[in-house]
Structure formats: C-alpha cells, structure tokens
Amino acid sequence: MKKIQRKEIGLFVAQVILVSLIVLSPGLISFVTSNDAAVAWESLRISSFWLAPALVVYLLNFYLCVPLLWFRHRFWLFSLANALLIVVFNFHLFNLFSESTNNLPVTYRAGFSSMLIIVLLVNLMAIAFAVSIRYIMRQSEKKQKEVEAELAWLKNQINPHFLFNTLNNISSLTQVDAEEAQDAVMQLSDLLRYAMYETNKKKVPISGEINFMRNYIELMKLRCNEKTRVSFRTMVPQPDMEIAPLLFISLVENAFKHGVDGSKEAEIDISLMQEDHQITFTCDNTNNPKPDIDRSGSGIGLDNTRRRLELLYPGRYQWEQHVTPENIYHVRIIISDK
C-alpha cells in the first residue's frame with residue numbers, strides 16, 4: 001500500500017480550505033456588508049445549495065476518478081462515473097427545476113432550463129479543472145523523477161573516477177613508503193565513508209565537502225613530484241551552509257589529471273570561499289594537456305559538473321572557463337544559495 005506523504009496531506013487540506021472559502025465567501029461578504037446574521041445565513045445557504053455539489057464533484061475527480069480511471073485510459077468508466085456523480089450530488093437541483101416548472105408557462109420554463117444547463121456546465125468545468133490540475137502535477141512529478149535519475153547517474157559517473165585513481169596512487173606508494181601508504185589508506189577510508197554514507201542526501205554541509213576535498217587533494221599529491229606545487233585555500237564563515245555533494249571533485253580531479261606532467265613545472269591552486277549566501281570555487285592549474293593519442297576522460301568531468309549545476313542551481317550559478325595568456329587553465333564557479 002502506498003504511503004501517504006506529508007505533501008499530499010498538505011495538498012488535501014489546502015484544497016478543502018479553498019473549497020470551504022468558495023462556499024463561505026458569499027455569506028461572509030453578506031455579513032460584512034449588511035451586518036445581519038439572518039441575511040448572511042441565507043446567502044450561505046444559497047451558495048451551499050448551488051456551489052457545494054460541483055465542488056464535491058471536483059474533489060472526487062481529483063482524488064479518485066482522474067488517477068484511477070482517466071490516467072488508466074478507462075474513459076468510458078470515467079464518463080459513466082461522472083454522470084452518476086453529477087446526478088447524485090445535483091439531484092436536489094434537478095428536482096427543484098422539475099417541481100418549479102410543472103405549473104409555469106413555457107416562457108418561464110426556458111429560463112429554468114437555462115439554469116439547468118448552467119449547473120451542468122459548472123460541474124463539467126469542475127471535472128475539467130480536476131483533470132487539468134492532476135495532469136500538470138503528474139507531468140511535474142515525472143519531470144522531477146527524470147531530473148533525480150539524471151543527477152544520480154551523473155554523480156555515479158564521478159565516484160568511480162576518483163576512487164580508481166586513488167587506489168592506483170596508493171598501490172604505487174606501498175612500494176616506496178609503507179607507513180605513508182598506511183596513512184593514505186586511512187584517508188581513503190574517510191573518503192569512502194563520506195562518499196557512501198553522506199552524499200545520499202540532496203545537500204550536505206559545506207564543511208564536509210571541504211574535508212573531503214582536502215583528503216582527496218592530499219591523496220592526489222602522492223603522485224606528484226617536486227616540480228608540482230599544490231595549494232588549497234578555504235574561507236567559510238558558515239560551515240553549516242549546505243551545498244550539493246561532490247559538486248567540485250571532478251574539477252579537482254581534472255586539475256591533477258590534465259595539468260600535472262612529471263617532466264614539467266606545474267602549479268595547482270584551488271580555493272573555496274563563502275560569503276553570505278554565495279559560494280565561489282576556483283581551480284587554476286598549469287595547462288599541460290595530454291597528447292591527442294591519450295585523451296581519456298577529457299572534458300567528461302567538466303560536462304558532468306556543468307549539467308549538475310544546471311539541474312541543481314538553474315539560473316543561480318555562474319561559470320568561467322578559459323586558458324589565460326600565462327597558460328593557466330582557469331575554472332570558476334559562483335553559486336548563489338538564494
């Protein structure tokens with residue numbers, strides 16, 4: 001059995017309140033304008049007599065007929081069910097028209113027939129509103145699920161890359177310095193723990209991301225020689241501020257993967273700054289691109305990161321990416337959390 005979510009309960013309560021206001025508003029307006037309780041009560045009685053049936057038809061369609069019949073393409077049952085609903089909940093109106101027109105001239109009967117048509121149209125409009133709103137909600141939920149699935153896929157593309165590279169680095173280190181390799185294994189353990197248990201949330205505290213990046217950078221430095229200078233700077237006055245997990249790690253990986261060349265001088269400068277509701281991530285590295293015969297993974301991390309930004313922070317991020325005249329590959333991301 002499907003568990004009722006809090007937002008569904010909230011939606012139901014909101015609709016009941018809105019329906020109640022529609023029915024009660026004529027009585028409230030009458031009371032304010034006339035200051036006469038009897039007049040207000042009569043106005044409320046009339047509005048309930050005419051409007052309540054159509055509103056009940058709307059609610060029954062919204063919660064039963066549309067999801068159970070219309071969306072399952074049972075259109076004949078949907079039509080039959082609504083015909084019954086209209087007759088049952090508007091029976092008092094049909095009966096009133098029938099009794100009122102028995103002894104009236106033909107000219108007066110035409111007016112009552114027009115009122116009957118209006119009642120039918122109001123009920124049909126209520127049904128149409130229920131179908132339309134449900135359809136819009138369904139499309140929105142479908143789009144949200146597609147976005148969540150794409151985000152999960154993009155994040156899963158990130159994890160194997162940095163884990164594979166880190167394991168390779170530690171494997172090489174065990175042959176050189178066993179004690180340092182043991183420390184690296186502990187750092188890797190922290191990385192795995194964070195990646196497996198903390199990043200399942202939509203957002204995480206930025207302090208956790210900083211620790212994750214710091215551990216990752218320390219592990220990546222293991223494969224660098226004295227010709228490579230690496231710096232990581234942070235200034236985060238609000239460490240509890242939340243951000244999407246693993247958002248910048250691909251850019252850090254790219255800086256080492258495509259910027260470090262053991263035979264050349266290289267520099268990597270990474271910073272993460274936070275001010276008010278704005279986060280600025282900057283990554284500058286010496287541009288030492290791979291030769292054309294070895295372009296494995298080139299650009300994938302950047303594309304994935306930008307796609308995640310577009311899905312998670314649409315219209316709330318800025319992206320800079322270029323190679324400076326000094327041959328520095330520069331990437332900057334500015335995210336507004338509001």
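It should be emphasised that the depicted structure is a prediction, and the values quoted were computed from it without experimental measurement.
- Atom CE of M235 and atom CZ of R233 lie 10.0 Å apart (nearest 0.5 Å).
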Inset, instruction - Dump the intermediate steps for side-chain hydrogen bond (donor to acceptor under 3.5 Å, both in side chains) on D269 and N285, then the final yes or no. - result: CA-CA 6 Å; D269 183 19; N285 60 271; over 6 Å; no
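- The aromatic rings of H330 and H322 lie tilted to each other, with the angle between the two planes from 30° to 60°.
- The aromatic rings of H73 and F75 stand perpendicular to each other, their planes meeting at an angle above 60°, with 30° marking the opposite boundary.
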Inset, instruction - Check the pair R229, E267 against salt bridge (Lys or Arg N to Asp or Glu O under 4.0 Å), reporting the backbone distance first and the verdict last. - result: CA-CA 5 Å; R229 296 180 300 277; E267 186 171 351; 3.4 Å; yes
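- The hydrophobic cluster containing V88 also contains V57, counting ILVMFWY residues as joined when their side-chain heavy atoms lie under 4.5 angstrom apart, directly or transitively.
- For the residue pair Q238 and I206, the shortest heavy atom distance occurs at O-CG2, 3.8 Å.
- Remark: R214 fails to qualify as a cation-pi partner of F232 under the 6.0 Å distance and 45° angle criteria applied to the six-membered ring.
- At distances below 3.5 Å, not a single donor-acceptor pair connects side-chain atoms of D276 with backbone N or O atoms of Q278.
- Residues A255 and C283 approach most closely at CB-SG, 3.6 Å, considering heavy atoms.
- Summarising the local packing, CE of M137 is surrounded by more than 12 heavy atoms from other residues, nucleotides or ligands at distances under 6.0 Å.
- Listed for the T228 side chain is no donor-acceptor partner under 3.5 Å among the backbone atoms of C224.
- Under the 4.5 Å side-chain criterion, counting only non-hydrogen atoms from C-beta, I328 is not in contact with N287.
- Once rounded to the nearest 0.5 Å, the distance linking OG1 of T234 with CD1 of I270 reads 12.0 Å.
- Hydrophobic clustering (ILVMFWY, side-chain heavy atoms < 4.5 Å, transitive): M213 and M273 are in distinct clusters.
- The number of heavy-atom neighbours closer than 6.0 Å to CD of E275, taken from other residues, nucleotides and ligands shown, is 12 or below.
- Annotation: K202, atom NZ; neighbour count of heavy atoms from other residues, nucleotides and ligands within 6.0 Å does not exceed 12.
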Inset, instruction - Start with the C-alpha distance between Y194 and E209, add both sets of side-chain angles, then the distance that settles side chain to side chain contact (heavy atoms under 4.5 Å, CB included), and finish with yes or no. - result: CA-CA 9 Å; Y194 182 83; E209 286 293 290; 2.5 Å; yes
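- Considering all non-hydrogen atoms of both residues, T305 and S250 come closest at OG1-CB, 3.6 Å.
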Inset, instruction - Please lay out, stage by stage, how Y58 and I127 fare under the test side chain to side chain contact (heavy atoms under 4.5 Å, CB included). - result: CA-CA 6 Å; Y58 164 80; I127 296 169; over 6 Å; no
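- One finds the CD atom of E320 at 5.5 Å from the CD1 atom of I334 (value rounded to the nearest 0.5 Å).
- For F129, the ring-ring contact (aromatic ring centres under 6.0 Å, His included) test picks out no residue, with sequence neighbours left out.
- By the 6.0 Å and 45° rule, R306 does not stack over the aromatic ring of Y317.
- Atom CD of E242 and atom CD1 of I279 lie 10.0 Å apart (nearest 0.5 Å).
- Side-chain contact between F281 and V331: absent, with no pair of heavy atoms (C-beta onward) separated by less than 4.5 Å.
- Between A54 and A126, the shortest heavy-atom contact is O-CB, 3.5 Å.
- Side-chain contact between L302 and L251 is present, with heavy atoms from C-beta onward closer than 4.5 Å.
- With salt bridges taken as basic N to acidic carboxylate O contacts below 4.0 Å, none links E141 and R138.
- In terms of hydrophobic clustering, with Ile, Leu, Val, Met, Phe, Trp and Tyr side chains grouped at heavy-atom distances under 4.5 Å, L80 and F78 are assigned to different clusters.
- Note that OG of S207 and CG of D240 are 6.0 Å apart. Values are rounded to the nearest 0.5 Å.
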Inset, instruction - Check step by step if side-chain hydrogen bond (donor to acceptor under 3.5 Å, both in side chains) holds for R316 and S336. - result: CA-CA 5 Å; R316 294 187 290 134; S336 174; 5.9 Å; no
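- Side-chain contact between F212 and I217 is absent, with no heavy-atom pair separated by less than 4.5 Å.
- Of the residues D190, N211, V252, the one that meets the side-chain contact (heavy atoms from CB on, under 4.5 Å) test with Y216 is V252.
- Listed here is the closest heavy atom pair of C65 and A81: SG-CB, 4.3 Å.
- At least one donor-acceptor pair under 3.5 Å links the side chain of N123 to the backbone N or O of V119.
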Inset, instruction - Would you check, one step at a time, whether the test side chain to side chain contact (heavy atoms under 4.5 Å, CB included) holds for L309 with L247? - result: CA-CA 8 Å; L309 285 167; L247 191 58; 3.8 Å; yes
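- Looking at heavy atoms from C-beta onward, I243 lies in side-chain contact with F248 at the 4.5 angstrom threshold.
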Legend entry - V230/F256 under side chain to side chain contact (heavy atoms under 4.5 Å, CB included): CA gap, chis, key distance, verdict: CA-CA 9 Å; V230 180; F256 284 93; 4.0 Å; yes
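- The shortest distance between side-chain heavy atoms of P237 and Q274 falls below 4.5 Å.
- For the pair V236/M241, no side-chain contact is recorded, criterion being any heavy-atom separation below 4.5 Å from C-beta on.
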Inset, instruction - Could you give me the CA-CA distance, side-chain angles and deciding distance for E218 and Q187, then say whether side-chain hydrogen bond (donor to acceptor under 3.5 Å, both in side chains) is met? - result: CA-CA 8 Å; E218 290 300 316; Q187 288 178 317; 5.1 Å; no
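- The CD1 atom of I335 sits 14.5 Å away from the NE2 atom of H277 when rounded to the nearest 0.5 Å.
- No donor-acceptor pair under 3.5 Å is formed between the side chain of N61 and the backbone N or O of A130.
- Taking 4.5 Å as the limit, every side-chain heavy atom of Y313 sits out of range of all side-chain heavy atoms of R308.
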